[in-house]
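First the proteins, then the strands, lettered A, B, ... as listed; each starts at 1.
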Amino acid sequence: DAKTTQPPSMDCAEGRAANLPCNHSTISGNEYVYWYRQIHSQGPQYIIHGLKNNETNEMASLIITEDRKSSTLILPHATLRDTAVYYCIVRVAMGYNYGQNFVFGPGTRLSVLP
Amino acid sequence: DAGVIQSPRHEVTEMGQEVTLRCKPISGHNSLFWYRQTMMRGLELLIYFNNNVPIDDSGMPEDRFSAKMPNASFSTLKIQPSEPRDSAVYFCASSLQANTEAFFGQGTRLTVV
């Protein structure tokens, strides 16, 4: 079972920031938070990941709360092409049993509206 | 790099036939994952390999499914015999190491009639 909870759907106006929340209240100290998205009919696409510090790359920013029990993915200027299902995953970074921790939940369906 | 390459992109087959899905991971990646996606069950991890060795196949639904990775640049997922309930999109993904981000292929849409 996925270790994360996300809202099933969200809308965002084009050009505005999209803030996608994720709850991972049972996260362990050695687990990273990963975000992927899946645009219709395509394979999941890696976006960003982090452990406890906020992270930013060319696609998005990841804000992790100090207690690490929740995080927010921020798309600073959403476009129509950002319409997709966004998955939040917690995953062990050390040790051998990686696959069991790479579990996709139902995600959040983000609709960017013109 | 061309990314993870899967073939075929679409496959339609009759119930009872053998189906082989193919995957070429990104060059230099040491881990490979096979996933299945359906509307009912979402994305499910079937099996993953590390350095060509199957590490965990607990997600493989039943003995009709088998996966191999004969070398670092090629993997197959075989279903024999296929059944209509196997209809799904099958994704292959690879990562540099088992604990780094994975990159997905475009998937194979399998329809068993």
Side-chain angles (χ1 to χ4, degrees), chain A residues 1-9 22 27-51 55-60 62 71 73 84-109, chain B residues 1-7 9-10 21 23-26 29-51 53-60 67 69 88-110:
Chain A
D1 293 332
K3 296 182 179 181
T4 63
T5 304
Q6 299 177 252
S9 64
C22 179
I27 193 170
S28 300
N30 62 348
E31 288 181 317
Y32 280 71
V33 180
Y34 280 77
W35 283 84
Y36 280 76
R37 73 180 182 183
Q38 188 173 25
I39 297 171
H40 182 61
S41 297
Q42 297 183 19
Q45 176 189 23
Y46 166 78
I47 301 174
I48 198 168
H49 74 283
L51 183 62
E55 301 288 343
T56 296
N57 63 19
E58 65 278 5
M59 290 183 67
L62 174 61
S71 61
L73 178 74
V85 177
Y86 287 76
Y87 299 99
C88 171
I89 303 162
V90 294
R91 186 176 183 229
V92 171
M94 300 295 290
Y96 205 51
N97 197 21
Y98 308 123
Q100 288 298 329
N101 294 286
F102 218 178
V103 177
F104 287 79
T108 295
R109 183 172 297 278
Chain B
D1 197 313
V4 176
I5 300 174
Q6 292 186 245
S7 64
R9 290 294 309 275
H10 302 274
L21 311 182
C23 176
K24 177 177 168 41
I26 294 173
H29 281 193
N30 294 323
S31 294
L32 183 140
F33 306 81
W34 281 101
Y35 283 84
R36 176 173 69 175
Q37 186 171 35
T38 61
M39 288 293 292
M40 292 295 294
R41 301 174 67 90
L43 267 165
E44 302 174 279
L45 177 65
L46 301 177
I47 185 172
Y48 79 98
F49 295 83
N50 196 41
N51 293 321
V53 177
I55 301 301
D56 188 346
D57 64 354
S58 60
M60 297 285 262
M69 192 164 186
V89 181
Y90 290 81
F91 289 104
C92 175
S94 71
S95 61
L96 187 62
Q97 302 289 342
N99 60 344
T100 58
E101 61 270 22
F103 297 88
F104 284 73
Q106 290 302 300
T108 295
R109 181 174 295 278
L110 173 65

Just verifying a value: how many Å separate [X] [atom1] and [Y] [atom2], rounded to the nearest 0.5 Å?
X        : Y        : atom1 : atom2 : value
A/Phe104 : B/Phe91  : CZ    : CZ    : 9.5 Å
A/Ser41  : B/Gln106 : OG    : CD    : 9.5 Å
B/Glu101 : A/Gln45  : CD    : CD    : 12.0 Å
A/His49  : B/Thr100 : NE2   : OG1   : 8.0 Å

**Prompt:** B/Ala93 versus chain A, heavy atoms under 4.5 Å apart: side chain, backbone, both or neither?
**Reply:**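 Contact with chain A involves no heavy atom of B/Ala93 at all.
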**Prompt:** Using non-hydrogen atoms only, which part of B/Glu44 is less than 4.5 Å away from chain A: side chain, backbone, both, or neither?
**Reply:**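 Nothing of B/Glu44, per the 4.5 Å heavy-atom cut-off to chain A.
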**Message:** In this structure, is the centre-to-centre distance between the rings of A/Tyr46 and B/Phe104 below 6.0 Å?
**Reply:**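 Ring centroids of B/Phe104 and A/Tyr46 are no less than 6.0 Å from each other.
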**Message:** Under 4.5 Å from any heavy atom of chain B, what part of A/Gln38 do you find: side chain, backbone, both or neither?
**Reply:**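 A/Gln38 touches chain B through side-chain heavy atoms alone.
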**Prompt:** Would you call A/Tyr87 and B/Leu43 a side-chain contact if the rule is heavy atoms closer than 4.5 Å?
**Reply:**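 Yes - at least one pair of side-chain heavy atoms lies under 4.5 Å apart.
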